[in-house]
Amino acid sequence: MVALAIGTTAGLAWWWLGPAPVTAPAPRVAVQPAAIDVGSMPVDGRAVATVRVENLGDAPVRVIGISTSCGCTSAEVGEALIPAGGSSALTVTIDHAVMPTPGEFVHAVFLATDDPERPEVVIDVRGVGTDDAAGQAPAPVAAVSPPGAAAAPAIGGGAVEVFFNDACADCQVYIQDTLLPTLTAHGFGTVSTFDYLKDRTQRAELNRRNGELGIPFELQSHLVTFVGDGLVLAGHIPSEMIAAALTLVAPGARLLVYQDRMPEMGQRVSEYQVWDFRGEAARHAIETPLEQALAGLDLRPAQPLPGSESPDRLGAARLLLLVLAAGLLDGVNPCAIAVLLLSLAVLFTLQRTRRQVLLTGAVYVGMIFVAYLGIGLGLFGAIVISGEQHLVARIGSWLLVALGLVNVKDYFWYGRGFSLSVPKVGHEAIKGWLKRATLPAAAVAGFLVGLCTFPCTGGIYVAILGLLSTQTTYLEGLSYLIAYNVMFVLPLVALLLVLGNRRAVGAVARWQAERKRGLKLVSGLVMVAVGAGILVWFV
């Protein structure tokens with residue numbers, strides 16, 4: 001108990017008087033140089049350049065994937081896991097022999113990492129093709145609305161939108177010769193196109209759409225067509241496959257067809273993938289009709305798209321609900337409630353007025369709040385500084401499951417072995433302070449109760465603190481922590497307001513004593529469920 005008191009005091013002092021909050025270790029990606037200029041090069045030539053991918057942060061960074069805006073550009077990183085302070089070489093190859101277009105060109109390499117502040121780094125690749133005899137580039141693609149074409153509602157509602165790179169001549173050929181004619185033939189008269197290299201906000205929009213739909217990186221293409229909110233064509237999909245998809249995908253269903261190789265450049269296409277936004281994507285030989293590929297997929301109408309409520313907002317809502325529920329579960333604490341009932345009984349025995357009882361009880365509950373919040377602040381600060389957020393969340397969750405099982409054990413074998421209760425020495429000290437029946441004594445008793453109840457259900461607290469350190473910033477975590485502790489003392493506040501006389505206090509105390517085993521069973525099962533839920537869905 002002394003150790004807990006010291007820890008709580010230190011936690012409060014560190015929060016109020018200490019230095020600014022220390023953020024959790026995090027990677028920080030930088031690229032040197034930030035752009036590549038290969039200068040003049042033969043229109044059918046090949047150039048290789050190297051940039052350094054640096055990690056300026058204090059935690060390792062992982063390269064999740066690399067994509068490019070054009071098939072003539074490729075990139076490869078030396079080490080996918082870059083330690084804090086380290087770097088890795090990124091080799092970029094421009095092979096214009098596959099797309100001999102003269103004049104100035106701008107391509108891009110998109111480096112995806114787990115840097116939370118900069119998840120995608122864009123490296124521009126510029127140069128000039130010098131062979132004028134190679135011919136003219138295709139005319140730029142613009143938003144198309146062919147004369148006489150009857151506009152049709154897109155699958156699942158919405159418009160047809162194409163995200164591409166105008167500098168990729170073969171993408172232009174594909175759009176003009178394959179994609180647009182097929183869409184037009186099936187009644188889609190208006191197609192909006194977005195060049196994400198000329199307008200980088202469109203690249204951010206494409207990434208947002210991919211994120212909201214939960215499209216994994218390996219199924220994200222350099223050319224993406226969104227047909228309403230149901231069909232995604234990723235890459236250079238053959239005309240007959242587009243036609244089949246437009247025909248077979250029913251309104252409200254979702255399907256992604258992926259084929260990222262470019263036959264216009266002479267690349268051999270051997271397979272494609274289909275994904276119904278459930279489970280893993282299925283691979284099929286390119287000769288396999290789409291009708292056959294869809295036979296094993298679930299193309300029933302999907303749930304509302306994540307775009308209607310972003311994953312971050314949905315995650316925050318679930319996290320808040322979990323924090324509030326866990327705080328309330330922790331607050332339905334036989335230890336703290338029993339001591340409150342004892343305190344109220346003593347006050348009524350001493351003939352205190354209801355106003356005096358409420359005031360003393362409020363001081364008692366307030367100091368429980370302060371003590372428990374102090375414990376949380378100390379632990380939360382230690383977790384953030386250590387950087388072991390996921391580890392602490394897992395340990396706390398398993399501890400919560402173990403303590404829940406102890407409560408379940410007490411239902412069957414109460415009094416045997418280890419049980420969750422206030423230590424005997426702490427119980428005697430609390431009782432002694434309560435009998436003084438003064439406001440300072442109530443404050444001391446409340447503080448001691450806050451310390452002594454932590455061993456009873458502290459597994460819930462530790463699990464939530466570890467979870468907050470992985471899901472929130474320090475200030476966000478602090479607000480969640482305060483909300484947790486408000487819920488923790490809420491049952492005590494309710495009891496304080498409801499119990500107006502000694503008889504009512506005695507009745508509640510007897511009810512609690514008679515159902516002690518059942519309460520232990522229920523709380524134990526809920527603790528196990530909460531711990532398992534955190535392990536499965538959050539960490």
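This one's a predicted model, so the numbers in the text were calculated from it and none came from an experiment. All values below were derived from every heavy atom in this structure, side-chain atoms included, with hydrogens, water molecules and symmetry-related copies excluded.
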Could you walk me through whether Ile175 and Leu223 pass the side-chain contact (heavy atoms from CB on, under 4.5 Å) check? CA-CA 9 Å; Ile175 293 173; Leu223 188 155; 4.0 Å; yes

Closest approach of [X] to [Y] (non-hydrogen atoms, all atoms of both residues):
X      : Y      : answer
Pro181 : Asp177 : CG-O, 3.6 Å
Ala84  : Gly57  : CB-O, 3.5 Å
Ala243 : Thr247 : O-OG1, 2.9 Å
Pro216 : Gln220 : O-CG, 3.3 Å
Tyr174 : Ile242 : OH-CD1, 3.4 Å
Leu56  : Ala30  : CD1-CB, 3.8 Å

Answer whether the closest heavy-atom distance between the side chains of [X] and [Y] falls below 4.5 Å.
X      : Y      : answer
Leu328 : Leu324 : no
Val31  : Leu90  : no
Val77  : Ile66  : yes
Leu206 : Gln202 : no
Val173 : Thr178 : no
Val122 : Asp124 : yes
Tyr258 : Val274 : no
Thr73  : Phe105 : no

Between [X] (side chain) and [Y] (backbone), is there a donor-acceptor pair under 3.5 Å?
X      : Y      : result
Thr93  : Val48  : no
Asn55  : Arg28  : yes
Ser69  : Ala108 : yes
Asp58  : Ala26  : yes
Asp114 : Val61  : no
Ser40  : Val128 : no
Gln259 : Ala234 : no

Quick one: list whatever passes side-chain contact (heavy atoms from CB on, under 4.5 Å) with [X], sequence neighbours left out.
X      : result
Met241 : Ile237, Pro238, Val257, Tyr272, Ile286, Leu290
Ala285 : Glu287, Thr288
Asn207 : Glu120, Arg203

Would you call Arg200 and Asp195 a salt bridge, taking side-chain N to carboxylate O under 4.0 Å as the test? no

Does a side-chain N-to-carboxylate-O contact under 4.0 Å join Glu205 and Arg208? yes

Can you find a side-chain donor-acceptor pair between Asp115 and Thr113 that sits under 3.5 Å?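 Checked: Asp115/Thr113 side chains show no N/O donor-acceptor pair below 3.5 Å.
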
Assess the pair His222 and His236: is the distance between their ring centroids shorter than 6.0 Å? yes

Measure centre to centre between the rings of Phe110 and Tyr196, then say whether the value is under 6.0 Å.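 Aromatic pair counts; centres sit under 6.0 Å.
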
How far does [atom1] of [X] sit from [atom2] of [Y], to the nearest 0.5 angstrom?
X      : Y      : atom1 : atom2 : answer
Leu246 : Leu233 : CG    : CG    : 7.0 Å
Glu291 : Leu248 : CD    : CG    : 5.0 Å
Leu219 : Asp260 : CG    : CG    : 10.0 Å
Asn165 : Leu197 : CG    : CG    : 4.0 Å

Could you give all pairs that pass the salt bridge (charged side-chain N to carboxylate O under 4.0 Å, His left out) test and reach residues 61-89, with sequence neighbours left out? none

Test side-chain contact (heavy atoms from CB on, under 4.5 Å) on Trp275 and Ile215 and set out the steps. CA-CA 9 Å; Trp275 185 49; Ile215 299 175; 4.2 Å; yes

Could you walk me through whether Leu481 and Leu373 pass side-chain contact (heavy atoms from CB on, under 4.5 Å), step by step? CA-CA 7 Å; Leu481 185 59; Leu373 179 62; 3.9 Å; yes

Who passes side chain to side chain donor-acceptor pair (under 3.5 Å) against Arg52, sequence neighbours left out? Ser87

Pair Thr50, Val92 - check side-chain contact (heavy atoms from CB on, under 4.5 Å), show working. CA-CA 6 Å; Thr50 301; Val92 180; over 6 Å; no

Test of understanding: with ring-ring contact (aromatic ring centres under 6.0 Å, His included), list the residues that count as partners of Phe163, not counting sequence neighbours. Phe194, Phe226

